[in-house]
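Okay, structure first, notes after.
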Amino acid sequence: MPLPETPQAGFAKQRFIRLMKGMGIATTIAVALTWTLFYRELGFVSIHFYIATGLGVAFAMMLMGALMGLVFLSSGSGHDDRMPGASQDGEADS
């Protein structure tokens, strides 16, 4: 059962998009910093090493940002309030 589009849900979606853009910028900086530090310490090892390191750092950071953002999106859009068995104090109804 899809939820109706509300201003609250629209705001939550915009916040999620803003969070993911910010995580993209932070990820780019983190990958560049990681490559710089590895090059200073190890020199040029192999292009495959740098590609794998960049992909690993980027994947981990973007996955973390997406999962955290989806928690905020679910909460902010009202999906959590509509779940059967959910109560206001956070305990499941029996």
Side-chain angles (χ1 to χ4, degrees):
M1 174 170 79
L3 290 174
E5 188 69 29
T6 64
Q8 181 184 7
F11 175 74
K13 287 179 186 176
Q14 289 300 318
R15 185 174 57 184
F16 177 74
I17 292 169
R18 195 170 54 244
L19 174 82
M20 290 308 295
K21 286 180 182 177
M23 281 304 297
I25 293 168
T27 298
T28 303
I29 293 169
V31 169
L33 182 63
T34 302
W35 283 341
T36 302
L37 293 175
F38 276 143
Y39 186 74
R40 281 187 184 176
E41 292 295 320
L42 304 173
F44 184 75
V45 180
S46 166
I47 190 67
H48 301 102
F49 172 77
Y50 288 98
I51 291 171
T53 301
L55 289 175
V57 170
F59 177 76
M61 287 190 66
M62 291 304 289
L63 180 64
M64 182 266 311
L67 292 175
M68 185 68 73
L70 288 173
V71 169
F72 293 141
L73 179 65
S74 176
S75 175
S77 65
H79 282 83
D80 293 347
D81 300 333
R82 300 270 312 241
M83 288 299 299
S87 64
Q88 293 295 339
D89 57 2
E91 297 177 11
D93 295 335
S94 299

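We use all heavy atoms of the structure for the numbers below, so side chains are in, but hydrogens, waters and symmetry mates are not.
Linking ILVMFWY side-chain heavy atoms closer than 4.5 Å, directly or via other members, places Trp35 and Ile51 in a single hydrophobic cluster. By the criterion of side-chain heavy atoms lying less than 4.5 angstrom apart, applied directly or through intervening Ile, Leu, Val, Met, Phe, Trp or Tyr residues, Leu55 is not grouped with Ile29; the two fall into different hydrophobic clusters. The cluster map of Ile, Leu, Val, Met, Phe, Trp and Tyr, joined by side-chain heavy atoms under 4.5 Å apart, puts Ile25 and Val57 in different clusters. Note on Leu70: it clusters hydrophobically with Met61, by side-chain heavy-atom contacts below 4.5 Å among ILVMFWY residues.
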Report the C-alpha distance between Met20 and Met62 in whole Å, list the side-chain angles of each, state the deciding distance to 0.1 Å, and finish with yes or no for side-chain contact (heavy atoms from CB on, under 4.5 Å).
CA-CA 8 Å; Met20 290 308 295; Met62 291 304 289; 3.5 Å; yes
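Ring centroids of Phe44 and Phe49 are separated by 6.0 Å or more, keeping the two rings apart.
Annotation: the span from Thr53 atom OG1 to Leu42 atom CG amounts to 9.0 Å, rounded to 0.5 Å.
A heavy-atom distance below 4.5 Å is found between the side chains of Met64 and Met23.
Cluster partners of Leu63, by chain and number: Phe59, Leu67. The rule joins Ile, Leu, Val, Met, Phe, Trp and Tyr whenever side-chain heavy atoms lie under 4.5 Å apart.
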